[in-house]
Amino acid sequence: MTEARRPPEVDRAAASRRAVAARRERAALKRDVTTRVITPQELLRRALADPESPAGAMRVPEFLTAIPAIGEGKRDRILADLAISPVKRLGGLGARQRRDLMEFLDRRWPEPQPRAGRSRLVVLAGPTAVGKGTVAAYIKEHHPEIRLSVSATTRPPRPGEVEGEHYYFVDDAEFDRLVSTGALLEHATVHNRYRYGTPRGPLEKVLAEGGTALLEIDLQGARQVRAADPTATLVFLLPPSWDELVDRLVGRGTEDAEERARRLRTARAELAAQNEFDYRVVNDDVATAAEEVVALAR
Ligand SMILES: Nc1nc2c(ncn2[C@@H]2O[C@H](COP(=O)(O)OP(=O)(O)O)[C@@H](O)[C@H]2O)c(=O)[nH]1
Ligand SMILES: Nc1ncnc2c1ncn2[C@@H]1O[C@H](COP(=O)(O)OP(=O)(O)O)[C@@H](O)[C@H]1O
């Protein structure tokens, strides 16, 4: 049977399935903006590049309320100020409306700009399960000239983990001693459990020899490194989407449901801090993301 001869109820069912799928895609995109996995500008750029895409099909009021800090009242004022009808879709905005909306977003939520004069002390941070460890391992394997800092931790070793290679495994008393003698550049309690810190000695040696050091640490640590050395290069690793982040955390299978929920709450807070970083890299493909980090480190 050809397309044209299909009974109408089949077409209706197919159309309703397509509508449900499109709604789901728009909801996922809104979640990406709400959780700050993508900037509002990024969503608008996608909509303008392809008006037929889920981003292009999103209505402007829906888009605006996905942005953190915009409620219904603010949304209506913005629509009035920019003279945009509430039934408009992002993909259907006129040239002037596109420009005004983009300028408005740039004014209110400036996207981070790369800062000049960065040093060879490179910090890689990002939300749980975004792939920091995977990207760092790739860099270690393919770019051995970039020295991966080995942290001290009070966490017990997991099967296969090697002392001095993955971590320096220490007890609480030894960690206290490292802190009190100033042996750590930064240290933090991560995920409310174990303590982790970056040994200062090996790092200073690498930098003194003109090498590049990569620190894979959490947000608290990144902030302390920034305070200790304002020229450090801070890179924030982002997931391609919020749903993908959740999938990676579940897929890794190393945390139970309660721990996963706790880490996802922390992830939201960490994503909200990404503007403190010099660069953002999306970890869609591991090799591509790792090479981007390497290029920034050079
Ligand atoms: N501040 C800080 N965080 C660290 C350091 N080393 C590792 N981390 C962070 O601690 C977390 C490690 O969590 P966990 O899942 O227990 O261990 P993993 O499997 O080795 O990542 C990650 O978020 C790391 O980025 C460090 O030296 N300092
Ligand atoms: N680019 C990617 N594409 C698909 N899966 C990835 C990617 N990067 C990492 N992963 C997977 O996501 C999970 C979390 O990665 P991991 O490196 O442990 O994250 P983190 O160190 O940030 O907590 C792992 O199962 C890993 O294999």
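Being a predicted model, the structure only gives us computed values, none of them experimental.
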Those residues that, when tested against F169, pass ring pair (Phe, Tyr, Trp, His ring centres under 6.0 Å) (two or more places apart): Y167

Beyond-backbone contact of L184 with R200, side-chain heavy atoms, under 4.5 angstrom: no

R107 and E103, any side-chain heavy atoms less than 4.5 Å apart: yes

What are the two closest heavy atoms between D218 and A188, and how far apart are they? OD1-CB, 4.0 Å

Roughly how far apart are T153 OG1 and H187 NE2, rounded to 0.5 Å? 13.0 Å

With no hydrogens and no angle check, just 3.5 Å: does a side-chain donor-acceptor pair link R118 and T233? no

Considering all heavy atoms, the nearest A47-S53 contact: CA-OG, 4.4 Å

Could you check whether atom CZ of R26 has more than 12 heavy atoms from other residues, nucleotides or ligands sitting under 6.0 Å from it? yes

Between P127 and A267, what is the shortest heavy-atom contact and its length? CB-CB, 3.7 Å

Backbone N or O of L148 within a donor-acceptor pair of the E216 side chain at under 3.5 Å? no

Using a distance-only test with no angle check, is there a side-chain donor-acceptor pair under 3.5 angstrom linking D243 and S241? no

Tell me if a side-chain donor or acceptor on Q97 pairs with a main-chain N or O of A83 at a distance below 3.5 Å. yes

Can you check whether L93 reaches L90 side chain to side chain, under 4.5 Å on heavy atoms? yes

When you measure from the side chain of E111 to the backbone N and O of T39, does any donor-acceptor pair fall under 3.5 Å? no

Checking E258 against R262 for the salt bridge (Lys or Arg N to Asp or Glu O under 4.0 Å) test, could you report, in this order, the C-alpha distance in whole Å, the side-chain angles of both residues, the deciding distance, and whether it holds? CA-CA 6 Å; E258 193 185 328; R262 205 159 61 81; over 6 Å; no

Measure the shortest side-chain to side-chain distance between L238 and N283 over non-hydrogen atoms and say whether it is less than 4.5 angstrom. no

Show your reasoning for whether side chain to side chain contact (heavy atoms under 4.5 Å, CB included) applies to V293 and Y138. CA-CA 11 Å; V293 175; Y138 181 98; over 6 Å; no

Salt-bridge contact D100-R96 (side-chain N to carboxylate O under 4.0 Å): yes

Do R195 and D176 sit within salt-bridge range, that is, some charged N less than 4.0 Å from a carboxylate O? yes

Report yes or no: do L43 and I70 belong to one cluster of Ile/Leu/Val/Met/Phe/Trp/Tyr joined by side chain heavy-atom distances under 4.5 Å? yes

If only atom types and distance count, is the side chain of K88 paired as donor or acceptor with the main-chain N or O of G92 below 3.5 Å? yes

side-chain contact (heavy atoms from CB on, under 4.5 Å), paired with T128, selected from R260, E255, R263, R248: R263

Checking E42 against R46 for the side chain to side chain contact (heavy atoms under 4.5 Å, CB included) test, could you report, in this order, the C-alpha distance in whole Å, the side-chain angles of both residues, the deciding distance, and whether it holds? CA-CA 6 Å; E42 174 61 27; R46 287 187 200 174; 3.2 Å; yes

Just jot down the ring pair (Phe, Tyr, Trp, His ring centres under 6.0 Å) partners of H166, sequence neighbours excluded, or say none. none

Ring-face cation of R268 near W242 (centre distance under 6.0 Å, axis angle within 45°): yes

Taking every heavy atom of A125 against every heavy atom of A222, the minimum-distance pair comes out as CB-CB, 4.4 Å

Separation between CG of L48 and CZ of R45, rounded to the nearest 0.5 Å: 9.5 Å

So which heavy atom on T34 is nearest to which on A66, and how close? OG1-O, 2.9 Å

How far does CG of L207 sit from OG of S119, to the nearest 0.5 angstrom? 6.5 Å

Verdict with supporting geometry, Y279 and E292, side chain to side chain contact (heavy atoms under 4.5 Å, CB included): CA-CA 10 Å; Y279 301 99; E292 271 186 60; over 6 Å; no

In terms of hydrophobic clusters joined by side-chain contacts under 4.5 Å, are L237 and L271 together? yes

Under a 4.5 Å cut-off applied to non-hydrogen side-chain atoms, are L101 and F63 in contact? yes

Membership question, hydrophobic clusters at under 4.5 Å side-chain separation (ILVMFWY): are L124 and Y196 in the same one? no

I'd like to know if E276 and R226 make a salt bridge, using a cut-off of under 4.0 Å between side-chain N and carboxylate O. no

Between E259 and H191, is any side-chain donor less than 3.5 angstrom from a side-chain acceptor? no

Looking only at non-hydrogen atoms, find the nearest pair between P110 and N275 and report the distance. O-ND2, 3.4 Å

Please determine, by modelled atom types, if R280 and Q274 share a side-chain donor-acceptor pair under 3.5 angstrom. yes

With a 4.0 Å cut-off on N to O distance, would you call K205 and E209 a salt bridge? yes

Measuring from R120:CZ to T231:OG1, what's the distance to the nearest 0.5 Å? 12.0 Å

Is there a side-chain contact between V60 and R89 in this structure, where contact means two heavy atoms from C-beta onward sitting under 4.5 Å apart? no

Quick one: pull up NZ in K132 and CZ in F236 and give me the separation to the nearest 0.5 Å. 8.5 Å

Would you indicate whether the side-chain heavy atoms of T212 and V122 approach each other to under 4.5 Å? yes

Please answer whether the main-chain N or O of T198 pairs with a side-chain N or O of E186 as donor and acceptor at a distance below 3.5 Å. yes

Is there a side chain to side chain contact (heavy atoms under 4.5 Å, CB included) between H142 and I139? Walk through the geometry before answering. CA-CA 5 Å; H142 294 86; I139 294 173; over 6 Å; no

Charged N to carboxylate O below 4.0 Å: is that the case for R155 and E161? yes

Should the pair R59-E62 be classified as a salt bridge under the 4.0 Å nitrogen-to-oxygen rule? no

Using only atom types and a distance under 3.5 Å, with no angle test, would you say the side chain of D278 pairs donor to acceptor with the backbone of L234? yes

CD of E72 to OG1 of T65: how many Å apart, nearest 0.5 Å? 7.0 Å

Counting only heavy atoms from other residues, nucleotides and ligands, does the tally under 6.0 Å from CZ of R99 exceed 12? yes

Minimum side-chain heavy-atom gap K30-M58 below 4.5 Å: yes

Picking from T189, T154, D172, what satisfies side-chain contact (heavy atoms from CB on, under 4.5 Å) with Y194? T154

Indicate, with yes or no, if V37 and L44 share a hydrophobic cluster defined by side-chain heavy-atom contacts under 4.5 Å among Ile, Leu, Val, Met, Phe, Trp and Tyr. yes

Verify same cluster id: L215, V170 (apolar side-chain graph, 4.5 Å): no

